[in-house]
Amino acid sequence: MESRIQLLAISLIATFGAACAGARPTGTSPFPTAQRVDIQRMNGTWYVVAEFPNDLERYCFGTTVSYAARSDGDMDLLRRCNKGSLDGPIDEAYGRIRVYDAIHRSKLGLSYIRPIWAPYWIIEVGADYDYAVIGTPKRDRLWILSRTQSMDAREYADAISRLRSNGFDIAKLITVLQVEAAPLYEAPRYERPGNYQPPG
């Protein structure tokens, strides 16, 4: 009888622990992506206003990402930036995007060298497609994109709050300097924006 009670107690503790773990997302737990993405509306150029540091975009300034829908259902991607400074030499990388989620069209794959494909998930997109948040399921890559060189401060703060609640390490986020762009917060390019407070 005592052993059965012990087993029941262990089972209850395990169940409670799993529930608590589900309440606080980790780096491996799933997170929601955009409910419905109109891929055609992703076409055109976006400015990268903030990102997690990555090797491909190291020392990049004025970074933009351009998408172009293809007749085969994929999309072409062009990542363009100036290396070292806003007037530094132009660096370009060409990639291909493939839609893997036929219903929501928010879980994509990105390839710079085929047949290697990496997850490229649209976490959220503005109602007017004025901004987009893109990341990876491991939470090790993150980009916040805007149609303009600076993003509305309130929208930015709200997006950051949602990312934090979904387990992203916001302390890693850096801003990307754009020409004539109003800063999202008063800080150097590589300062962590953990104390960011939206105006007003």
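We number each residue from 1, following the sequence as shown.
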M75 side chain near L108 side chain, heavy-atom distance below 4.5 Å: no
Checking D74 now: which residues fulfil salt bridge (charged side-chain N to carboxylate O under 4.0 Å, His left out) with it, not counting sequence neighbours? R96, R98
Within the 4.5 Å heavy-atom criterion, are Y112 and L77 side-chain neighbours or not? yes
Kindly compute the distance separating CD (Q40) from CZ (R105), expressed to the nearest 0.5 Å. 8.5 Å
Give a yes or no on whether the backbone of A159 and the side-chain of Y131 come within a donor-acceptor separation of less than 3.5 Å. no
For residues 132-151, pull every pair meeting ring pair (Phe, Tyr, Trp, His ring centres under 6.0 Å), keeping only residues two or more places apart or in separate chains. Y120-W143
Side-chain ion pair, D152 and R154, N-O less than 4.0 Å: no
Between atom CD1 of I134 and atom CD1 of I122, what is the distance when rounded to the nearest 0.5 Å? 5.5 Å
R58 backbone acceptor or donor facing K83 side chain under 3.5 Å: yes
List the residues meeting salt bridge (charged side-chain N to carboxylate O under 4.0 Å, His left out) with R162, not counting sequence neighbours, and say none if there are none. E124
Heavy-atom nearest pair, S106 first then A34, reads OG-O, 3.1 Å
Pairing of D91 and R79 as salt bridge, 4.0 angstrom limit: yes
Do N43 side-chain atoms and A69 backbone N/O form a donor-acceptor pair below 3.5 Å? yes
Ignoring hydrogens and angles, tell me if any N or O in the side chain of N54 forms a donor-acceptor pair with the backbone of L56 under 3.5 Å. yes
Backbone of R141 reached by a side-chain donor or acceptor of T136 within 3.5 Å: yes
Any idea which heavy atoms bring D38 and Y129 closest together, and the distance? N-OH, 2.8 Å
Just by modelled atom types, is the G88 backbone N or O under 3.5 Å from a matching donor or acceptor in the S85 side chain? yes
When you measure from the side chain of Q35 to the backbone of H104, do you find a donor-acceptor pair of N or O atoms at a distance under 3.5 Å? no
Give a yes or no answer on whether the side chain of R147 reaches the backbone of Y47 with a donor-acceptor pair at less than 3.5 Å. no
At what distance, to the nearest 0.5 angstrom, does OG of S161 lie from CG of N166? 9.5 Å
Show, in sequence, the C-alpha distance, side-chain angles and deciding distance for M42 and I97, and conclude whether the side-chain contact (heavy atoms from CB on, under 4.5 Å) test is met. CA-CA 12 Å; M42 295 295 294; I97 291 176; over 6 Å; no
For L78, what are the other residues in its hydrophobic cluster, where any two members join if their side-chain heavy atoms are less than 4.5 angstrom apart? Y94
List the steps, then state whether side-chain contact (heavy atoms from CB on, under 4.5 Å) holds for I144 with L163. CA-CA 11 Å; I144 299 179; L163 287 166; 4.3 Å; yes
Working to the nearest 0.5 Å, report the span between CH2 of W46 and OG of S146. 8.0 Å
Quick check: closest heavy atoms across L86 and L177, and the distance to 0.1 Å? CD2-O, 3.6 Å
Between S111 (side chain only) and I116 (backbone N and O only), is there a donor and an acceptor less than 3.5 Å apart? yes
Minimal heavy-atom distance between A127 and R41, with the atoms involved, is O-NH1, 4.0 Å
Can a donor-acceptor pair be found, under 3.5 Å and without considering hydrogens, that links the side chain of E51 to the backbone of L173? no
Do the non-hydrogen side-chain atoms of V37 and D101 ever get within less than 4.5 Å of each other? no
Nearest heavy-atom pair of Y67 and L145: which atoms, and what distance? OH-CD1, 3.5 Å
Cationic N near anionic O, under 4.0 Å, R139 to D169: no
Taking side chain as C-beta onward, heavy atoms only, is I174 less than 4.5 Å from P53? yes
Residues in salt bridge (charged side-chain N to carboxylate O under 4.0 Å, His left out) with D87, at least two apart? none
Which Ile, Leu, Val, Met, Phe, Trp or Tyr residues join W117 in one cluster when any pair of side-chain heavy atoms under 4.5 Å counts as a link? Y100
